[in-house]
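We count ligands from 1, going down the list as the structure has it; atoms in each ligand are counted the same way. No experiment lies behind these values; they were computed from the predicted model shown.
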Amino acid sequence: MEPILRLDSARLVMRQWRDDDLPAFAKMCADPQVMRYFPEPMTRLESAALIGRIRGHFAELGFGLWALERKDSGAFIGFTGLGVVGFEAPFAPAVEIGWRLAREHWGYGYASEAAWTALGAGFERLGLDEIVSFTAQANEPSQKVMQAIGMQRDGENDFQHPNVPEGHPLRPHVLYRITREQWLNTLQA
Ligand SMILES: CC(C)(COP(=O)(O)OP(=O)(O)OC[C@H]1O[C@@H](n2cnc3c(N)ncnc32)[C@H](O)[C@@H]1OP(=O)(O)O)[C@@H](O)C(=O)NCCC(=O)NCCS
């Protein structure tokens, strides 16, 4: 399969990571507001390591979390993309869709726009049958993105995230899904 190195949406370029993305990426991942639904903000070293893992995922599988760049300003604003679920769960193996944007770029529809584009790539180019997404129960902004791109809550598969300590308020997670068929119906609606 041809690797999907770049995607375009109306206002965004979804591209491979560059070394000079690190300062803006590390700043975003160190922002307590951006990371309020994760146990901890990330250090610069953790952000650099995450870019390395994202590059590795692209190298191995030909898709991943694309770096997002605004077409109007060229600014790096975060990531959106697809990844293989990295822990055991009743709904895995599966491909998940996820996003993280710097705070100054919230509220413009960029996450939903990029997510819609990534979903299309997953179904049309990768030939996936289903894509899942999950987040901490309290993370309403992220669930709004899931709903905006036509995903549906699967309450029966809500779960305790194995990488969040037991008893932590962010451990309960909700699961959303969309099948290829549901996506095709959304296109026609
Ligand atoms: C989750 C996250 C990406 C959502 O960002 P967002 O900007 O709110 O999401 P969208 O791109 O869908 O934008 C929707 C908002 O833009 C507004 N908007 C403005 N112009 C718009 C347009 N052209 N199209 C769509 N929405 C638009 C919408 O009204 C909506 O605002 P509201 O939330 O006040 O109702 C962001 O909150 C984030 O990065 N959070 C931290 C990381 C995180 O939690 N990631 C998920 C972990 S699983």
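Heavy-atom proximity to Val145, at under 4.0 Å, picks out these atoms of ligand 1: 4 (C), 9 (O), 12 (O). Within the listing of ligand 1, atoms 47 (C), 48 (S) sit less than 4.0 angstrom from a heavy atom of Thr135. Counting the atoms of ligand 1 from 1 in the order shown, those under 4.0 Å from a heavy atom of Tyr110 are 11 (O). Residue contact check: Asn139 has heavy atoms under 4.0 Å from atoms 43 (C), 44 (O), 46 (C), 47 (C) of ligand 1. Remark: ligand 1 atoms within the under-4.0 Å shell around heavy atoms of Phe134 are 48 (S). Distances below 4.0 Å separate heavy atoms of Arg100 from the following atoms of ligand 1: 39 (O), 42 (C).
Considering backbone and side-chain N/O atoms, Ser112 comes within less than 3.5 Å of an N/O atom of ligand 1. When only interatomic distances are considered, the shortest N/O to N/O separation between Leu101 and ligand 1 falls below 3.5 Å. Below 3.5 Å of separation, one finds an N or O of Gly109 facing an N or O of ligand 1. Note: an N/O pair closer than 3.5 Å links Lys144 and ligand 1 by distance alone.
For the atom pair Asn157 CG and His173 NE2, the distance stands at 14.0 Å (nearest 0.5 Å).
Arg180 and Glu130 are not joined by a salt bridge, as no carboxylate oxygen comes within less than 4.0 angstrom of a charged side-chain nitrogen. Using a 4.0 Å cut-off between charged nitrogen and carboxylate oxygen, Arg55 and Asp19 count as a salt-bridge pair.
Summarising the geometry of Tyr110 relative to Asp72, their closest heavy-atom pair is OH-OD2, 4.4 Å, with the distance given to 0.1 Å. Of all heavy-atom pairs spanning Ile131 and Glu96, the tightest one is CG2-C, 4.2 Å.
The residue among Phe38, Trp99, Tyr37 with a heavy atom at the shortest distance from atom 1 (C) of ligand 1 is Trp99. The closest non-hydrogen atom to atom 46 (C) of ligand 1, taken over Cys29, Ala148, Ser142, comes from Ser142.
Below 30°, between 30° and 60°, or above 60°: for His57 and Phe63 the angle between ring planes is above 60°, a perpendicular geometry. Below 30°, between 30° and 60°, or above 60°: for Phe58 and Trp66 the angle between ring planes is above 60°, a perpendicular geometry.
Under a 4.0 angstrom heavy-atom cut-off, Gly107 registers as being in contact with ligand 1.
There is no protein heavy atom less than 4.0 angstrom from atom 30 (C) of ligand 1. Of the protein's heavy atoms, at least one falls inside 4.0 Å of atom 40 (N) of ligand 1.
From the protein, the heavy atom lying nearest to atom 21 (C) of ligand 1 is Tyr108 O, 3.2 Å.
Phe38 carries Arg100 over the face of its six-membered ring, with the cationic atom under 6.0 Å from the centre and within 45° of the normal.
Contact annotation for Trp106 and ligand 1: heavy atoms of both the backbone and the side chain come within less than 4.0 Å of the ligand.
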Go through the steps to decide whether Glu69 and Arg18 satisfy the test salt bridge (Lys or Arg N to Asp or Glu O under 4.0 Å), and finish with yes or no. CA-CA 11 Å; Glu69 189 176 296; Arg18 297 196 313 244; 3.5 Å; yes

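Side-chain atoms of Ser142 and Trp99 form a donor-acceptor pair, as typed in the model, at a separation below 3.5 Å.
Separation of the Phe25 and Trp17 ring centroids falls under the 6.0 Å cut-off.
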